[in-house]
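What follows is one structure encoded as C-alpha cells, with my remarks underneath.
When a residue number appears, it is its place in the shown sequence, counting from 1. Computed from a predicted structure; not experimentally measured.
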Amino acid sequence: MAQVFQPNLSQEQLRGVLRDVVAAYDLPENETRMEEAKDNAGNDMMKMMQIVFPVATQIQQEVIQKYGFTPDGDGAIKFAQLVRQYENIDPEIAQMAAQVKSKFLPPMPQMTSFVPTVSQTSQSTHESGAQGADRKSVV
C-alpha cells in the first residue's frame, strides 16, 4: 500500500489554510452550492451525509490540495487530523474549525435537563407515600 503524504504544516500555516477554507465556503457560488445541497437533504441525516457532506468535502479539498494534501478522502482525513492536533492548544484554530464544521453540520439541538424543585420533590414524596420517604436525594 502506498504511503499517503501529509504536509508538515506549522501552527501558523494551518491557521492560514483554515482561513482559506472558511473563505472558500463564504464564496457566493459555494454558499449557493451548500444551500442547494442542504435544501435537497432537508432534515434527513442520511441525506445530509449523501448530499451535503460530499459538496462540503469538495469545497474543502479544492483549498487543501494547494497546501500539499491529496484531493481525495485521504487528504481530507489527514487535514482533519492535523486540525485536531492543534485545536486543543490554539483557540484561533479551534474557532475556525468550529466555523468550518458549522458550514455543513446541522446545529445540535439544545438538551435541557429536568431538575426537580423542592416543591416537586416534596409533592413526589407525598404522592408516593412510604416509598418516597426512603429517598435521600433526587438527581
Step by step, would you call Gln60 with Thr57 a side-chain contact (heavy atoms from CB on, under 4.5 Å)?
-> CA-CA 5 Å; Gln60 182 173 295; Thr57 302; 5.6 Å; no
Would you say Asn43 has more than 12 foreign heavy atoms packed within less than 6.0 Å of its CG?
-> no
State whether Glu92 and Arg19 are salt-bridged, where the test is any N-O pair (Lys NZ or Arg NE/NH1/NH2 against Asp/Glu carboxylate O) under 4.0 Å.
-> yes
Pick out which of Gln85, Lys78, Arg84 makes a side-chain contact (heavy atoms from CB on, under 4.5 Å) with Leu82.
-> Gln85
Verify the cluster assignment for Met46 and Val52: are they in a single hydrophobic cluster under the rule of side-chain heavy atoms below 4.5 Å apart?
-> yes
Gap between atom CD of Gln61 and atom CZ of Phe79 - 0.5 Å precision = 11.0 Å
Flag, side chain of Tyr25 to backbone of Ala56, donor-acceptor distance under 3.5 Å = yes
Hydrophobic cluster membership, Val22 vs Tyr67, 4.5 Å side-chain cutoff | yes
Kindly indicate whether the side chain of Thr70, heavy atoms from C-beta on, has any atom under 4.5 Å from the side chain of Gln65.
-> no
Contact summary for Ile59 and Ala24, nearest pair of heavy atoms = CG2-CB, 4.0 Å
Under 3.5 Å, side chain of Ser102 to main-chain N/O of Gln99, donor-acceptor pair present?
-> yes
At what distance, to the nearest 0.5 angstrom, does OG1 of Thr32 lie from CD of Glu35?
-> 8.0 Å
Here the pair of heavy atoms bringing Ile64 nearest to Gly75 is CD1-O, 3.7 Å
Looking only at non-hydrogen atoms, find the nearest pair between Ser10 and Gln13 and report the distance.
-> N-OE1, 2.7 Å
Taking atom CG of Asp26 and atom CD of Glu31, what is their separation to the nearest 0.5 Å?
-> 5.5 Å
Evaluation steps, side-chain contact (heavy atoms from CB on, under 4.5 Å), between Asp44 and Met48 | CA-CA 6 Å; Asp44 185 328; Met48 290 282 289; over 6 Å; no
Are any of the side-chain nitrogens in Lys66 or Asp20 under 4.0 Å away from the carboxylate oxygens of its partner?
-> no
CE/Met34 to CD/Glu29 distance, rounded to the nearest 0.5 angstrom?
-> 13.5 Å
Quick one: does Asp90's side chain have a donor or acceptor within less than 3.5 Å of a partner on Tyr86's backbone?
-> no
Decide yes or no for Leu9 and Phe69: does some side-chain heavy atom of the first lie under 4.5 Å from some side-chain heavy atom of the second?
-> yes
Given the rule that I, L, V, M, F, W and Y join up when any side-chain heavy atoms are under 4.5 Å apart, are Val63 and Leu27 in one cluster?
-> no
Could you tell me whether the side chain of Arg15 reaches within less than 4.5 Å of the side chain of Ile93, counting heavy atoms only?
-> yes
Side-chain contact test, heavy atoms from C-beta onward, threshold under 4.5 Å: evaluate it for Met96 versus Glu87 and give yes or no.
-> no
